[in-house]
Amino acid sequence: MSIAPRWPLCVCVLLVACESAAPPDEKVARFSASRVAADVQRLASDEFQGRAPGSEGEKKVLDFLVGQFEDAGLQPANQGSFLQAVPLVSLTASPDMTLDIEGPGFSARYAVGSQTMLSTKRVQREISLDNSEMVFVGYGIVAPEYAWDDYAAVDVRGKTVVILVNDPGFATADPELFRGNTMTYYGRWTYKYEEAARQGAAAALIIHETDAAGYGWNVVATGWSGEQFDLVRANGNQSAVAVEGWLTGAAASEILAAAGLDLESARQMALAEDFEAVALGLTASTRFSNEIKNLDSNNVAGLIKGTKRPDEIIIYMAHWDHLGIKPNLEGDRIFNGAVDNATGTAAIIELARAFAAMEPAPERSILFLAVTGEESGLLGSAWYAEHPLFPLNQTVAALNFDSLITDGATRDITVFGLGSSELEEYLERAATKQGRVPVNEPTPEKGYFFRSDHFNLAKAGVPVLYAEAGVDNLQHGREWGVARMQDYRRDRYHQPADEYDADWDWGGVLQDLELYFEIGRELAAESTFPNWYENSEFRARRDESRSSAD
Ligand SMILES: [Zn+2]
């Protein structure tokens, strides 16, 4: 089938300074909307069955991506193979579990779904928590760079910790505390469970609040029920807490009241510099069994070897997976994931073509990494960060695409987590050439920065960028752009309706490709390693890792 893109021209028409700035060999159009559109259409077709990890659809995706990477001129990045196996395990907990809280004169049973959510990452059939002492640990944060330690005065080994969501900066809106209204990783639920595990807790229960979490209880209730995926790790995730859970605000209020506290004053207490964890004088118990399944999935990785500094790596990444098929839906049951994330996957293929054709070839190596399992919890990228194909301390940067804007060129570029790293200076230079302005995401308190794959590399210290065309549409203006974004979130995001549309305007995608290309080209020509800014929670990790680089 032929495609008639609405953006038939060279991307150069978008670039204010293009004519004068580009060297002669760059005057050829680097990016083609029709190629990108064709790749998106193919990846989002029913043939690929919604691209679920481990499915028949995955085999088609892998064939397609390997073919496109080969045609682009990439080399296999994993010892002769384009594939990196990512072993996954899924756990489905028995749905009838309850959380039982006991104390002097208090006994209550909380139902999963309406009052609490409970799950485990430990790969074992039976999970039990028996009369585990409960401790309120405030925000449950240990953050040396902010001189903050909620666990300083308490030993929680074997205990059940009760934790507030988000971080003190959000709670107070004090820009001097953490990063103010911008959620730090310490505010994210994954961190809370990880820290509780480091402290040796048996269970961790997070108190849900819609504002502070950035999503309603319904998201918690659906997200934590049914089949839960994870990576297969050598220790079967025995280092995780046995029980990871959530409490509704109402359930938490009742439990804290039984300990003589109220939720609001507990929250205030937790903000104090001299806060110390509080033993609640209550115990928590639960018991459930898991159905365990293993499945094999893959990341796809192709390389352009650098001509001068081949050991130094720049990563372009995007998740290829989506939600698959839901057999019990009425009507269209295939989640084609055209925007999310056929667009990002097609974008890295197109960048691969551009870099492979670049003359002279890049001095540093460039890795194109299509990761699996994003929709199941950023799993393919977590696997890569734990099993990198190239040392992370020699990995200069990771630039992620997730769900590009298909509504045309924009005056702004949305940067998630703006204010994080020196890479933003590269982005700003490239954006300025395009006449575009980088802007922060509109809701930094919601922690979107932690919700796509670049984050796993950030956590491992690698500076990252996650940006996409903004909402200030060149042709239709900002209001229109905002409305289109809201339509997408409401009508298509994570629904079967996220389908390829022949009427899309590829102008914004072409701008984003050019922007990411410029950043990579600049980085590839340098020997510098841009770092996180001083106030970043990832800086210490990077400094430590770089100091061990030769
Ligand atoms: Zn996505």
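Sequence positions, counted from 1, serve as the residue numbers for this chain. Every number for a ligand or one of its atoms is a count from 1 in the order of the listing.
- The closest donor-acceptor contact from the side chain of Asn290 to the backbone of Ile292 lies at 3.5 Å or more, if one exists at all.
- Note on ring orientation: taking the six-membered ring where Trp is involved, the planes of Tyr316 and Phe355 are tilted (angle from 30° to 60°).
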Salt bridge (Lys or Arg N to Asp or Glu O under 4.0 Å) between Lys293 and Glu227, intermediate numbers included: CA-CA 9 Å; Lys293 273 195 277 186; Glu227 195 174 19; 3.5 Å; yes
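- Of the listed residues (Thr372, Asp340, Thr345, Asp453), just one forms a side chain to side chain donor-acceptor pair (under 3.5 Å) with His319, and that residue is Asp340.
- Excluding waters, the set of protein N/O/S atoms under 2.8 Å from the Zn ion (ligand 1) reads His319 NE2, Asp340 OD1, Asp402 OD1, Asp402 OD2.
- Taking the six-membered ring where the residue is Trp, Phe538 and Phe449 present tilted rings, their angle falling between 30° and 60°.
- Proximity of the aromatic rings of Tyr185 and Phe455 is defined here by a centroid distance below 6.0 angstrom, and this criterion is met.
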